[in-house]
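To keep things clear, I will list the structure first and then write my remarks on it.
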Protein chains: 2
Amino acid sequence: MQGQADQRESGSARVAESLAIAIHEHRLSPGMKLSEDEVGEIYGVSRTVVRAALQELAHDRLVELKRNRGAFVAQPSVKEAREVFEARSLLEPRTAKSAAERATPEDIKILQKHIDEEHAALHAGDTGRALHLSGMFHVEIARIADQSTVAEFIAQLVSRSSLIIALYWQRRTALCESHAHDALIKALARHDGAAAEELMHHHLLDLLTSLDLRDQPSVPKSLKEALN
Amino acid sequence: MQGQADQRESGSARVAESLAIAIHEHRLSPGMKLSEDEVGEIYGVSRTVVRAALQELAHDRLVELKRNRGAFVAQPSVKEAREVFEARSLLEPRTAKSAAERATPEDIKILQKHIDEEHAALHAGDTGRALHLSGMFHVEIARIADQSTVAEFIAQLVSRSSLIIALYWQRRTALCESHAHDALIKALARHDGAAAEELMHHHLLDLLTSLDLRDQPSVPKSLKEALN
DNA sequence: GTTTACGATTTTGTATACAATTTTAGCGCA
DNA sequence: TGCGCTAAAATTGTATACAAAATCGTAAAC
């Protein structure tokens with residue numbers, strides 16, 4: 001995520017990506033400690049490269065570094081959750097509009113493939129992968145808009161949204177995003193910028209309101225952290 | 001810039017900040033190589049901490065890391081320059097609007113102090129410091145809007161803008177930003193969100209059009225890079 | 001004179017070693 | 001039992017050592 005264009009997968013990049021996926025799929029829960037020795041042993045690398053990977057993830061706000069204390073999977077606060085979706089609301093609707101004006105048939109095909117895979121994953125019960133693909137859909141739109149700088153920001157925000165959803169999702173509402181994405185792709189296909197902008201705007205609003213953003217940062221991992 | 005909240009200035013953070021300032025003040029020119037040994041010797045630290053600092057700066061796009069080749073001061077392309085200001089145009093006007101609605105008298109005082117120092121620096125001929133303060137003004141507005149996530153993005157974009165201005169500034173237009181900032185602060189003081197949004201929008205447009213964004217990435221450091 | 005190949009030097013990538021800080025466990029004492 | 005203190009263990013921060021890659025200089029070949 002927002003890596004600095006390494007031509008070949010460097011050691012730290014590989015570790016960072018693997019950790020990021022694990023966090024996105026909620027296999028590493030928020031608040032969990034990421035010991036340098038432990039991570040290094042798992043991936044068969046030294047602490048040097050683990051530290052580089054953790055620093056990269058910290059920059060993307062997926063992990064939090066505490067000086068002399070170590071790295072922990074981030075626990076976005078309610079305020080941070082709102083801020084992330086506020087930022088997305090500033091960036092994504094206008095980007096979707098630009099994408100609609102520039103989208104080629106090939107772009108639409110790629111997006112459609114994303115949606116199909118998302119549906120398949122959802123049908124197979126792999127909600128983790130479905131969520132990941134759902135995020136990729138948003139990043140792909142920014143790429144179509146040919147705005148790589150904005151695309152990097154959106155990629156980071158989508159990544160953080162994944163953590164936020166893991167923390168604050170209220171299971172009452174079904175995962176009905178697919179419909180929003182279907183409508184979006186149709187607007188993009190017919191180059192309807194205004195519709196795409198509006199659809200994206202409401203899609204993000206729906207996402208935000210589907211969260212339970214009332215108070216505390218959700219379940220702490222241990223009683224100790226609850227009193228921290 | 002966008003540091004991960006170290007409670008005390010860590011070694012790498014200190015080096016990164018010092019390098020960032022040097023880049024902003026154009027004492028380190030775009031394309032210049034940053035040797036790890038050399039930087040480490042200058043600051044009296046080992047390559048380990050230099051590498052961490054360079055990685056942080058690379059994430060903020062102030063330096064570019066080339067695998068097995070080293071770190072270089074970034075040379076934003078024309079396309080990247082346009083993208084950075086496009087992103088700022090998406091984020092800053094609406095953020096200025098929010099700031100206007102929330103600004104307290106103390107916030108206005110802080111902003112006014114920034115402007116005064118900016119004027120003083122400009123009057124003293126220290127354009128480097130003036131540019132730095134000018135950027136801080138924009139970041140401060142995001143802070144007033146109480147949107148730290150957006151503020152971090154803006155901080156990074158302002159930082160990159162500094163490099164872009166160093167590269168593409170056409171000296172024909174004078175540094176008349178101050179007037180724009182004066183008008184902005186007045187709109188903020190009277191809580192006129194609409195005016196602040198519009199002023200920020202035009203301010204960014206003016207900045208963009210004051211650049212010479214025609215073709216090549218400006219002066220290359222070596223002939224080799226010119227043909228790369 | 002130009003080009004190509006090869007070796008030496010330099011520089012980066014990674015692992016390991018040591019220092020500093022934090023955490024934890026044990027012990028004494030009220 | 002509960003609290004506070006001290007020391008040992010574990011973990012992070014930093015420096016150094018070694019391996020791999022790229023760069024540079026030289027020289028040989030055409």
Side-chain angles (χ1 to χ4, degrees), chain A residues 3-19 28 31-59 62-75 220-228, chain B residues 3-19 28 31-59 62-75 220-228:
Chain A
Q4 45 270 13
D6 284 327
Q7 38 202 19
R8 192 154 314 180
E9 192 95 324
S10 169
S12 63
R14 182 175 59 86
V15 173
E17 190 177 329
S18 177
L19 286 175
L28 291 174
M32 188 173 291
K33 178 172 173 110
L34 300 174
S35 159
E36 296 179 355
D37 275 322
E38 202 168 345
V39 175
E41 197 164 340
I42 289 173
Y43 290 102
V45 293
S46 74
R47 281 178 51 216
T48 305
V49 14
V50 174
R51 281 177 74 82
L54 291 176
Q55 187 183 339
E56 184 175 332
L57 293 175
H59 209 125
L62 249 51
V63 315
E64 184 180 359
L65 292 182
K66 302 186 183 179
R67 182 166 177 79
N68 287 324
R69 304 243 344 225
F72 303 81
V73 179
Q75 279 184 297
K221 280 301 125 183
S222 67
L223 295 213
K224 199 177 230 171
E225 288 183 355
L227 312 178
N228 186 1
Chain B
Q4 43 269 14
D6 284 327
Q7 40 202 20
R8 193 155 315 180
E9 191 96 325
S10 170
S12 64
R14 182 175 60 88
V15 173
E17 190 176 330
S18 177
L19 286 175
L28 292 174
M32 188 174 290
K33 180 173 170 95
L34 300 174
S35 160
E36 296 180 354
D37 274 322
E38 202 168 344
V39 175
E41 196 164 339
I42 290 173
Y43 291 101
V45 294
S46 74
R47 282 179 51 221
T48 306
V49 14
V50 173
R51 282 178 73 83
L54 291 175
Q55 187 184 340
E56 184 175 332
L57 292 176
H59 208 124
L62 249 52
V63 315
E64 184 180 359
L65 292 181
K66 301 185 182 179
R67 181 168 177 80
N68 287 325
R69 302 235 354 215
F72 304 82
V73 179
Q75 279 184 299
K221 280 301 127 186
S222 68
L223 296 211
K224 197 178 229 169
E225 288 183 356
L227 312 177
N228 185 4

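Nothing here was measured: the structure is a model prediction, and the numbers come from that model. Order of the sequence lines sets the chain letters (A, B, ...), proteins ahead of strands, with each chain counted from 1.
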Rounded distance (Å) that lies between atom P of C:dT12 and atom CD of B:Gln55: 15 Å

Interatomic distance, A:Phe72 CZ vs C:dT22 P [rounded to whole Å]: 13 Å

Per-nucleotide protein contact string for nucleotides 7-15 of chain D, where B marks a base within reach and S marks sugar-phosphate only (heavy atoms under 4.0 Å, - for neither): ----SBBBB

Residue pair A:Lys33 / A:Arg69: nearest heavy atoms and the distance that separates them: NZ-O, 2.7 Å

Shortest non-hydrogen contact from B:Ala16 toward B:Leu57: O-CD2, 3.7 Å

side-chain contact (heavy atoms from CB on, under 4.5 Å) against B:Ser18, all qualifying residues, sequence neighbours excluded: B:Tyr43

side-chain contact (heavy atoms from CB on, under 4.5 Å) partners for B:Glu41, two or more places apart: none

Under the side-chain hydrogen bond (donor to acceptor under 3.5 Å, both in side chains) test, residues paired with A:Glu64 that sit two or more places apart: none

